[in-house]
Structures are given as structure tokens and as C-alpha cells.
Amino acid sequence: MSDLPDLPARNGPAALPTGLTLADWDHNDPDPWLALMMDRSLPIDPVAKLALVRDQRSRSRQFLLPLVRPFARLAIIVAQLVHTVSPRWPHAPRFLHNSIAFGMRWFLTPDANMLILRHFHLGAQILRFIADNATPGFRPTLWPMQPRTIADVRDDLFLRHDLNIYNFLIALNAELDRRGTAIGRVDTLDFSAIEDEVALDPLPAGRGNVIDLQTAIELYTPAYAMLLTDRDFWRATNSLQFDETIGLYFARLTGEEKHLAMVVNGHPLVPHSTLRAGFRLVLHGLSTELLHGFLRELKAKDAATTGVSR
């Protein structure tokens, strides 16, 4: 096997060498990241997996993240103390999203930016798939989630993403109640919502774009806690645990349960502490990638069996 491939050009100038080759494989000192890159146990898109591995093994994550994390969690505590006294102030979602977009533009790696923007596309496709199959003909009204550029983040994208999850769950189950039905196995699944490619415009790759995804999220989380209301922040952090809820919906629709082992954020009926929101947000992103990858596998299998792409 030759060098591991770089990211395709469609995702911008992110093609930095992975540094992982079988030629460098030392049996007495194997690289853990090489083992993870070679592993085929997870149904994850190769482009996303390469970006994640490359980002996770960066110097930023290795050396900067351990320094950032304790201060970031202390800042969350400070923000929550402020909101204990003033639950609805400060409240500056537009300033928050402009700040996030600024950081993404000038400091985050192309891999991190690609994974962030890609996440919104996948999440929207997953929700639509559930609606198409659980309640055919009904599609809840949600904010569109197809960002192509970092500038699209400025339009309260993160906040609207969280609102979409809750509004989707409420609307979907209200429609199920109206129909007097429940989510169950569907013999002929509609895969029209699931796309194989995510189209993004070229992403910045300047000298300052060196901050990895996990470090960036740890830095953004205190800002999220301070610049949104207490209710908004709590709702956002608790939404991460809906991974298990969405996973259970998929199990009922598809009759497949193996993907549930990949859901690790826990059920939202027992919320986690907000202090670990940054780490759980990374897990949420991974869970979304795996669930979408699992659906792509089912879609390909269905097309191969029936000869029809649904």
C-alpha cells in the first residue's frame, strides 16, 4: 500500500501530507494513528476519517489542548455563575457567531473547518431521512443547514442547528400522534435524503490555520456559555445526548441495531455536566458521521439488490 491519500481538492487546499505510511511501520513501536487509519470497523466516509485522524494527531491537539482545557472549563463555570444571577444576559448570538466565523477563517485547520461545515449537512440529511420514512409526506419546518462557506456560520448557524433538533423531535412525534402511528420497521426505505458527497467551497489554509477541531471546540464552548442565555446553553449541551434518541429511531426504522454501539453520548433524560460539553460535541460529530456512513452503506446495499436508487 502506498501513502495514504490526501483530501480531494473539492474540500479546499487542505491537502497536507498525513505522514502515515506502511513503509514507516515499526513493529516494535507502531503508530496508534496508523492503526486507526487502517482500521475498517467503522462506517465512516474516508474523506472525513482522514481529516479527523490528521486533525487529531496534530501538534495543536497534542500540546495546546491540554493547556486550553482547564482554563476553558473554568471559564464555563464563571459563565454559569454569571447566568445564575442573570439568566438572560448577556445574550449576543450574532456576536458569538461572528466570533466563531472569524476564528474559523483565520485560525482553524482546513480539516477542522471541513468537518464542522460537513456536520450540518449530514445532520440535516439524517433528520430528513427519519421524517421521510417515519411520516411519509410530512416534513417539519426547519432552518436550512447546507453551509458551503465559513461566512454561512454568521447567520446563527450553530444555534439554529440546536433549535432544529428539538423542533424536529416535537413536530415529528406530534405528527405521529395525529396519525395514531409509531415509528416501526419500514420494508422499503426512502434514501433520497442521503447524499454521498458534501459540496463545500475552498477553505482557508493560511499560516495561521493551525488550531485543531477539539481545541477549537474547547475554546468556543465558554463563549457559547457566556454569550447565550442560560436556557440556550443548557438546551445546546443537552441536545448532544439526543444522539441516542436518533439512533433508536434508526433502529426501529431499519431493523438494524448494530449502529447503537457507536452512540456514546448517553440518553438526554439524564443530562451530563455542561463542563464536558466540548468533548461530547466531538463525540456528537463522530456519531453523526458514523450514522450517516451506516445509512450510505444501507443505501448502496439497497441499490445493489433492487437496481433502483431510492
Side-chain angles (χ1 to χ4, degrees), residues 11-14 51 55 60 64-65 68-69 71-80 82-83 86-124 142-167 198-240 274 277-278 280-282 284-285 288:
N11 287 313
D55 200 65
S60 170
L64 185 58
L65 178 61
V68 165
R69 182 176 281 151
F71 292 103
R73 293 185 178 179
L74 179 61
I76 293 175
I77 294 174
V78 172
Q80 293 190 307
V82 170
H83 282 300
S86 177
R88 299 194 61 81
W89 186 90
H91 181 224
R94 184 52 56 92
F95 177 72
L96 170 66
H97 285 82
N98 282 332
S99 300
I100 292 175
F102 179 84
M104 292 174 66
R105 170 65 181 86
W106 295 105
F107 300 111
L108 267 62
T109 66
D111 289 329
N113 282 326
M114 186 272 284
L115 290 169
I116 290 172
L117 295 180
R118 175 183 167 86
H119 174 75
F120 296 108
H121 289 256
L122 303 193
L142 304 174
W143 295 103
M145 288 284 140
Q146 290 84 35
R148 294 181 62 96
T149 69
I150 291 174
D152 294 331
V153 169
R154 300 179 186 275
D155 196 21
D156 293 350
L157 193 68
F158 287 86
L159 181 58
R160 291 177 175 180
H161 172 66
D162 298 332
L163 294 175
N164 274 357
I165 295 173
Y166 288 96
N167 289 328
V198 173
L200 302 177
D201 289 352
L203 298 170
R207 292 187 177 182
N209 295 106
V210 296
I211 303 299
D212 67 281
L213 177 65
Q214 196 166 347
T215 301
I217 289 174
E218 290 287 349
L219 289 169
Y220 288 149
T221 304
Y224 218 84
M226 181 63 79
L227 296 175
L228 296 180
T229 66
D230 180 66
R231 183 175 177 84
D232 284 342
F233 181 60
W234 187 90
R235 182 175 54 225
T237 56
N238 199 39
S239 72
L240 303 174
T274 55
R280 291 191 295 112
L281 184 54
V282 179
H284 167 66
T288 302

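The first residue in the sequence is number 1, and the count goes up from there.
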**Student:** Are Arg231 and Pro87 packed together at the side-chain level, in the sense that at least one heavy-atom pair is separated by less than 4.5 angstrom?
**Tutor:**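 Contact flag for Arg231/Pro87 side chains = no.
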**Student:** Using 30° and 60° as the class limits, which term best fits the ring planes of Phe102 and Phe107: parallel, tilted or perpendicular?
**Tutor:**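 Geometry flag for Phe107 against Phe102: perpendicular rings.
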**Student:** Heavy-atom count around Phe71 CZ within 6.0 Å, excluding the residue itself: above 12?
**Tutor:**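 Counting other residues, nucleotides and ligands, CZ of Phe71 stays at 12 neighbours or fewer.
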**Student:** For residues Arg105 and Pro204, report the shortest heavy-atom separation together with the two atoms involved.
**Tutor:**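 Of all heavy-atom pairs spanning Arg105 and Pro204, the closest is NH1-CB, 3.3 Å.
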**Student:** To the nearest 0.5 angstrom, please state how far the NE2 atom of His91 sits from the OG1 atom of Thr229.
**Tutor:**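 His91 atom NE2 to Thr229 atom OG1 measures 5.0 Å (nearest 0.5 Å).
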**Student:** Give a yes or no answer on whether the side chain of Ser86 reaches the backbone of Val82 with a donor-acceptor pair at less than 3.5 Å.
**Tutor:**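 Checked: no pair found.
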**Student:** Would the distance check show the side chain of His97 and the main-chain N or O of Pro93 forming a donor-acceptor pair, the cut-off being under 3.5 Å?
**Tutor:**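 Yes: the side chain of His97 pairs with the backbone of Pro93.
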**Student:** Taking it one step at a time, do Arg94 and Asp156 satisfy salt bridge (charged side-chain N to carboxylate O under 4.0 Å, His left out)?
**Tutor:** CA-CA 6 Å; Arg94 184 52 56 92; Asp156 293 350; 3.4 Å; yes
**Student:** Working to the nearest 0.5 Å, report the span between CD of Glu218 and CZ of Arg69.
**Tutor:**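 So the gap between those two atoms works out to 5.0 Å.
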**Student:** Among Val282, Leu64, Leu281, find the residue that satisfies the side-chain contact (heavy atoms from CB on, under 4.5 Å) test when tested with Gln214.
**Tutor:**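 For Gln214, the side-chain contact (heavy atoms from CB on, under 4.5 Å) test succeeds with only one of Val282, Leu64, Leu281, which is Val282.
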**Student:** Mind checking the CE-CG spacing from Met114 to Asp55? Nearest 0.5 Å is all I need.
**Tutor:**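 So the CE of Met114 and the CG of Asp55 are separated by 9.5 Å.
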**Student:** Are the aromatic rings of Phe158 and Tyr220 close, with centres under 6.0 Å apart?
**Tutor:**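 Ring centres of Tyr220 and Phe158 not closer than 6.0 Å.
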**Student:** Got a second to check how far Arg235's CZ is from Ile165's CD1, nearest 0.5 Å?
**Tutor:**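 Nearest 0.5 Å value for the CZ-CD1 distance: 11.0 Å.
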**Student:** Walk me through whether His121 and Met145 qualify under side chain to side chain contact (heavy atoms under 4.5 Å, CB included).
**Tutor:** CA-CA 6 Å; His121 289 256; Met145 288 284 140; over 6 Å; no
**Student:** Under the criterion side chain to side chain contact (heavy atoms under 4.5 Å, CB included), I'd like the reasoning laid out for Arg73 against Thr221: C-alpha separation, chi angles, the key distance, then a yes or no.
**Tutor:** CA-CA 9 Å; Arg73 293 185 178 179; Thr221 304; over 6 Å; no
**Student:** Measure across Pro147 and Leu200 and return the closest heavy-atom pair with its distance rounded to 0.1 Å.
**Tutor:**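 What the structure gives for the nearest pair is O-CD2, 3.4 Å.
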**Student:** Please confirm whether the backbone N or O of Ala225 pairs with a side-chain atom of His83, one donor and one acceptor, at under 3.5 Å?
**Tutor:**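 Here the side-chain-to-backbone pair exists.
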**Student:** Does His119 reach the main-chain N or O of Thr288 with its side chain, forming a donor-acceptor pair under 3.5 Å?
**Tutor:**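 Checked: no pair found.
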**Student:** Do the ring planes of Tyr224 and Phe233 sit parallel (below 30°), tilted (30 to 60°) or perpendicular (above 60°)?
**Tutor:**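 The arrangement is tilted - the two ring planes meet at 30° to 60°.
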**Student:** Which is it for Ser60 and Val210 under the side chain to side chain contact (heavy atoms under 4.5 Å, CB included) test, yes or no, and what are the steps along the way?
**Tutor:** CA-CA 7 Å; Ser60 170; Val210 296; 5.6 Å; no
**Student:** Calculate, to the nearest 0.5 Å, the distance between atoms CD1 and CH2 belonging to Ile211 and Trp106 respectively.
**Tutor:**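 Answer for the CD1-CH2 pair, Ile211 versus Trp106, is 15.0 Å.
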**Student:** Is the backbone N or O of Arg148 less than 3.5 Å from a side-chain atom of Asp152, with the two atoms forming a donor-acceptor pair by type?
**Tutor:**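 Yes: the side chain of Asp152 pairs with the backbone of Arg148.
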**Student:** Any side-chain donor-acceptor pair under 3.5 Å between Thr109 and Asn209?
**Tutor:**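 No - no donor-acceptor pair under 3.5 Å links their side chains.
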**Student:** So, taking the atom named CG in Asp111 and the one named CD1 in Ile116, what distance separates them when rounded to the nearest 0.5 Å?
**Tutor:**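 Going from the CG atom of Asp111 to the CD1 atom of Ile116 covers 11.0 Å.
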**Student:** Please evaluate residues Leu117 and Leu203 with respect to the criterion side chain to side chain contact (heavy atoms under 4.5 Å, CB included), reporting the C-alpha separation (whole Å), side-chain torsions for both, the decisive distance (0.1 Å), and the verdict.
**Tutor:** CA-CA 10 Å; Leu117 295 180; Leu203 298 170; 3.8 Å; yes
